[in-house]
Amino acid sequence: MTKYDPLAIEPKWQETWERDGLHHVTEDSARPKKYVLEMFPYPSGDIHMGHVRNYTIGDVVARHATMRGFNVLHPIGWDAFGLPAENAAIKSGSHPATWTYANIETQAASFRRMGFSYDWDRAVRTCDPEYYRWGQWIFLKAWERGLVERRSSPVNWCPSCKTVLANEQVIGDGVCWRCKSKVEKRELEQWYLKITEYSQELLDDLDDLTGWPERVKAMQANWIGRSEGADVVFMLCDADGEPTDERITVFTTRPDTLFGCSFFLLAPEHPLVSRLVAGTEYEAEVMKVVAKAASESAVERAGGEKEKTGAFTGRFVVNPVNGAKVPVWVADYVLMDYGTGAVMAVPCGDQRDFEFARKYHLPIPPVVLADGDPLLPSLGGVKELVLEDVEWEVACPAEGTLVQSGRFTGMRGGKKSEAMHAVTDWLGERGLGEESVNFRLRDWLISRQRYWGNPIPAVHCPTCGLVPVPEDQLPVVLPMDVDVTKGETLADHPEFYETMCPKCGGAARRETDTMDTFTCSSWYYLRYCDARNDSAPFDPAKAGYWMPVDQYIGGIEHAILHLLYSRFFTKVLRDLGLLEFDEPFTNLLTQGMVKLDGATMSKSRGNVVAPEDMIAKYGADALRVYILFMAPPDKDLDWSYEGLDGMWRFLNRAWRLVDETAEETSNVLDAVRMPGPVEKALRRAVAASVAKCGDDIERFQFNTAISALMEYVNAAYDYRRDVPADERDHALMRSVARDLTLMLAPFAPHMAEELWHEVLGESGSVHRTPWPEFDPAALVADEVELPVQVNGKVRDRLTVAVDAAESDIVAAALALPNVVVHLEGKTVRKVVVIPGKLVSVVAG
RNA sequence: GCCCGGGUGGCGGAACGGCAGACGCGGGGGCCUCAAAAGCCUCUAUGGGAAACCAUGUGUGGGUUCGAAUCCCACCCCGGGCACCA
């Protein structure tokens with residue numbers, strides 16, 4: 001008789017596994033590989049329940065796959081660069097490195113305490129020079145391929161983080177993804193990775209990611225934002241309104257509405273604006289709009305239903321399709337960084353243009369009429385412009401019939417419509433337009449004006465310009481003597497930035513910006529394949545063996561950010577010849593958040609449930625099984641303490657079952673009793689649970705996998721209750737106990753290992769023993785109980801042999817007492833028999 | 001506004017178109033005990049009924065089907081993402 005004592009056995013097995021190198025893996029061509037990966041953590045401090053959930057899911061998947069015969073890579077590491085380390089250092093007066101490495105030690109200890117099956121030999125920390133050196137290397141390779149650019153443009157500036165941000169990192173209402181401060185627009189020269197070169201491929205390949213949640217793919221497609229349309233050329237008129245040969249191109253998704261263009265818009269930042277109005281009576285008003293736009297923060301500029309403002313420039317452009325002269329306005333709702341920064345305004349079909357037209361009393365000629373529009377009878381077929389305004393309250397952006405549109409009148413208009421192609425072709429023949437595609441996705445701004453990051457390996461030379469640091473000089477080491485508590489960055493360190501030009505040898509200035517930490521996390525999954533390589537980021541052969549990641553697990557918050565960047569890096573490395581696949585993560589599981597009373601747990605709110613406390617009371621195994629049992633993995637989960645007691649009861653019940661069975665069967669070799677109906681029932685229940693548990697793990701329904709284990713244990717207890725100890729089928733009970741231990745292994749690895757060795761007396765690790773098989777024949781019962789429905793309602797039950805003839809079943813069903821009652825006064829019209837399922841009688 | 005999810009007992013949640021509510025929590029009753037803890041047995045959707053059983057029931061309203069939580073149409077509510085992207 002032994003007692004379940006997790007606090008004693010858990011540390012014991014953790015030490016044993018690590019001493020024996022149980023989780024150490026190498027490439028092995030004899031077994032199928034499986035790469036199971038959880039998004040690596042930022043070392044923010046202690047682990048929280050979200051970590052427990054994320055890494056437990058991965059651990060169960062990894063351990064189960066191992067028992068199923070896969071060669072499983074299951075690594076861990078730390079996303080160790082980043083701002084919180086600097087902020088914490090400023091607060092505590094220490095160094096970001098000290099804070100970071102201390103937190104990594106704490107988290108690593110917690111992960112070991114949870115019993116996660118990591119190959120610790122492959123651990124990476126992105127702030128180690130051995131790691132970030134290869135990030136610099138990849139940057140240089142991308143640069144060689146023309147994918148790196150330093151340029152000036154309006155960028156997102158977070159005043160609180162004191163650095164610029166990439167577009168993806170400005171979330172919600174224009175706030176910083178990390179600190180939630182409002183982001184400002186600034187014109188700055190910055191480093192970019194040209195992710196837009198891959199826009200189309202990043203969009204197209206989403207279709208191949210059949211193992212990804214639709215939600216995540218939809219978000220990425222939305223973010224990439226592909227629009228089909230046309231570039232249309234307008235001719236600028238001079239100050240007297242006479243056409244010149246200066247062309248201004250616009251992008252539009254609705255070239256079919258070109259006849260409805262009644263004015264033309266320029267973004268306030270458009271370079272043409274100041275030239276057009278310089279010295280004219282319009283200059284003052286226009287510059288007011290420009291100044292207002294410039295002073296507004298990104299938030300104000302982007303904020304929802306803002307009133308549009310603009311001013312007339314005094315100039316006109318010529319509409320290529322009908323030669324009409326339309327006025328050029330400056331408008332604050334036109335964005336400089338989408339399309340060309342110029343827009344043809346069609347107020348009848350575009351709500352924004354419609355509002356602008358109403359505000360400034362500009363004409364709204366209708367050119368596309370929806371079916372059933374009251375104007376259709378009078379305007380249908382009219383080619384010339386006869387009606388300059390409408391009485392509508394809103395624009396009509398839908399498809400419909402073209403009117404007042406010259407030769408195109410009468411055609412169907414709309415996105416990708418007949419008229420759209422006709423107008424585009426017509427323009428094309430005259431060199432005034434062509435089909436065109438625009439993306440919402442912008443290049444990835446990767447430079448950060450912060451210390452704790454990967455230095456950008458570049459030098460500014462007064463004679464040679466921008467010069468990459470030669471490969472053999474990598475890594476550019478991040479100096480440790482920068483005092484962030486005084487607000488210092490690399491730009492305050494002459495020892496760092498004073499350098500020599502690698503090209504001409506003259507005095508030069510080293511780049512002092514560091515890279516966005518998302519560059520570090522965009523390729524770490526490749527480094528795990530060959531973590532200690534000091535001559536390359538990874539050996540392509542090893543990456544070829546392990547990659548792509550078969551199962552990736554992490555939070556939905558990275559649906560765009562990390563997952564999009566990683567896909568981009570993979571494609572770049574592929575084009576560099578280092579990888580032979582297109583996508584890094586074959587299957588993706590986005591786990592839900594762990595909340596408390598519906599609110600996100602956070603230290604500032606003070607509503608944190610510490611995993612350590614739960615481990616101290618119940619052990620890691622109970623916490624692991626419980627957090628998986630609470631909800632399906634992709635759903636948010638509300639933490640509750642009550643259920644944990646129930647999980648503790650279950651584990652003890654399972655322990656006692658194995659323990660007592662081991663004792664009762666230790667001296668008995670043969671079955672005491674011939675297998676009878678009770679044994680058959682137990683076999684059936686056990687086989688069903690084994691089948692369900694394995695299936696459910698493979699489809700990530702851990703909650704129902706665990707409930708299958710509970711049913712398994714309940715079935716065994718029912719048998720023990722119904723059959724006295726000395727009459728039991730001991731061989732059967734012994735295999736029941738053994739299989740239970742095996743199935744517990746992925747969920748409660750310490751308990752299973754202890755039972756395996758100390759209670760069942762088996763040798764070798766339970767985690768290197770094959771997952772239990774079950775006999776499909778055991779699933780088949782001799783008799784089945786069929787519900788019998790009369791007109792769709794269950795009225796009685798019928799027990800028949802599984803192989804009973806249909807005619808016999810029908811006869812027996814119609815004779816059931818309660819069926820007879822409900823058939824009173826009715827004629828049986830039809831009887832449907834679904835073998836093994838039910839009998840349905842239709843009567844009327 | 002557009003795009004994704006999701007609405008099932010007191011609670012977390014189960015249900016290849018086939019007995020709705022598995023499994024667990026919580027609760028009621030009982031056994032064991034001097035008592036408790038632990039454990040064990042048992043009941044637990046709602047209304048009616050002593051019970052057998054009957055009626056109702058998976059957000060709302062329709063439809064398909066012998067049969068719908070599940071499929072189709074329309075709508076309501078909740079959560080999330082995107083949003084002046086031409």
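The chains referred to below are lettered A, B, ... by the order of the sequence lines, with proteins before strands, and numbering in each begins at 1.
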Pairwise [atom1] distance, [M] and [N] [rounded to whole Å]:
| N | M | atom1 | result |
| --- | --- | --- | --- |
| G24(B) | G5(B) | C1' | 26 Å |
| C25(B) | G13(B) | P | 16 Å |
| G63(B) | G6(B) | P | 26 Å |
| A14(B) | U70(B) | C1' | 13 Å |
| G9(B) | G21(B) | P | 14 Å |
| G27(B) | A45(B) | C1' | 14 Å |
| A55(B) | U65(B) | P | 24 Å |
| A22(B) | C31(B) | C1' | 27 Å |

Reckon [X] touches a base, only the sugar-phosphate, or nothing at all at heavy-atom distances under 4.0 Å?
| X | answer |
| --- | --- |
| Asp634(A) | nothing |
| Arg440(A) | base |
| Gly646(A) | sugar-phosphate |
| Pro632(A) | sugar-phosphate |
| Asn714(A) | sugar-phosphate |
| Ser840(A) | base |

Under 4.0 angstrom between [X] side-chain N/O and [N] OP1 or OP2:
| X | N | result |
| --- | --- | --- |
| Arg649(A) | C25(B) | yes |
| Lys837(A) | A15(B) | no |
| Arg795(A) | G67(B) | no |
| Arg215(A) | G6(B) | no |
| His822(A) | C53(B) | no |
| Lys308(A) | C84(B) | no |
| Asn703(A) | A14(B) | yes |
| Arg721(A) | C41(B) | yes |
| Asn818(A) | C54(B) | yes |
| Ser227(A) | A86(B) | yes |
| Lys217(A) | C4(B) | no |

| task | Evaluate the side-chain proximity of Val368(A) to Cys348(A): yes if any heavy-atom separation is below 4.5 Å, no if none is. | result | no

| said: Could you check whether any side-chain heavy atom of Thr253(A) comes within less than 4.5 Å of a side-chain heavy atom of Glu228(A), counting everything from C-beta outward? | reply: no

| message | Please tell me whether Trp639(A) and Tyr626(A) form a close aromatic pair, meaning their ring centres lie under 6.0 Å apart. | response | yes

| task | Anything under 30° is parallel, anything over 60° is perpendicular, the rest tilted; go ahead and classify Tyr360(A) against Trp329(A). | result | tilted

| field | Plane angle bin for Phe702(A) and Phe700(A) - parallel if under 30°, tilted between 30 and 60°, otherwise perpendicular | value | tilted

Nearest whole angstrom, please: distance from the [atom2] of [N] to the [atom1] of [X].
| X | N | atom1 | atom2 | value |
| --- | --- | --- | --- | --- |
| Asn167(A) | C82(B) | CG | C1' | 13 Å |
| Met710(A) | A14(B) | CE | P | 14 Å |
| Glu711(A) | G21(B) | CD | C1' | 13 Å |
| Glu824(A) | C54(B) | CD | P | 14 Å |
| Ile627(A) | C25(B) | CD1 | C1' | 16 Å |
| Arg829(A) | U65(B) | CZ | P | 17 Å |
| Asp636(A) | G81(B) | CG | C1' | 14 Å |
| Glu557(A) | G79(B) | CD | P | 20 Å |

| task | Please say whether the positively charged group of Arg247(A), taken as NZ for Lys or CZ for Arg, lies over the ring of Phe234(A), i.e. under 6.0 angstrom from the six-membered ring centre and within 45 degrees of the axis. | result | no

| query | So, is the end of the Lys308(A) side chain (NZ or CZ) under 6.0 Å from the ring centre of Tyr333(A) and within 45° of the ring's axis? | reply | yes

In Watson-Crick or G-U wobble terms, both distances under 3.5 Å, what is the partner of [N]?
| N | result |
| --- | --- |
| G1(B) | C82(B) |
| G17(B) | none |
| A50(B) | none |
| C40(B) | G30(B) |

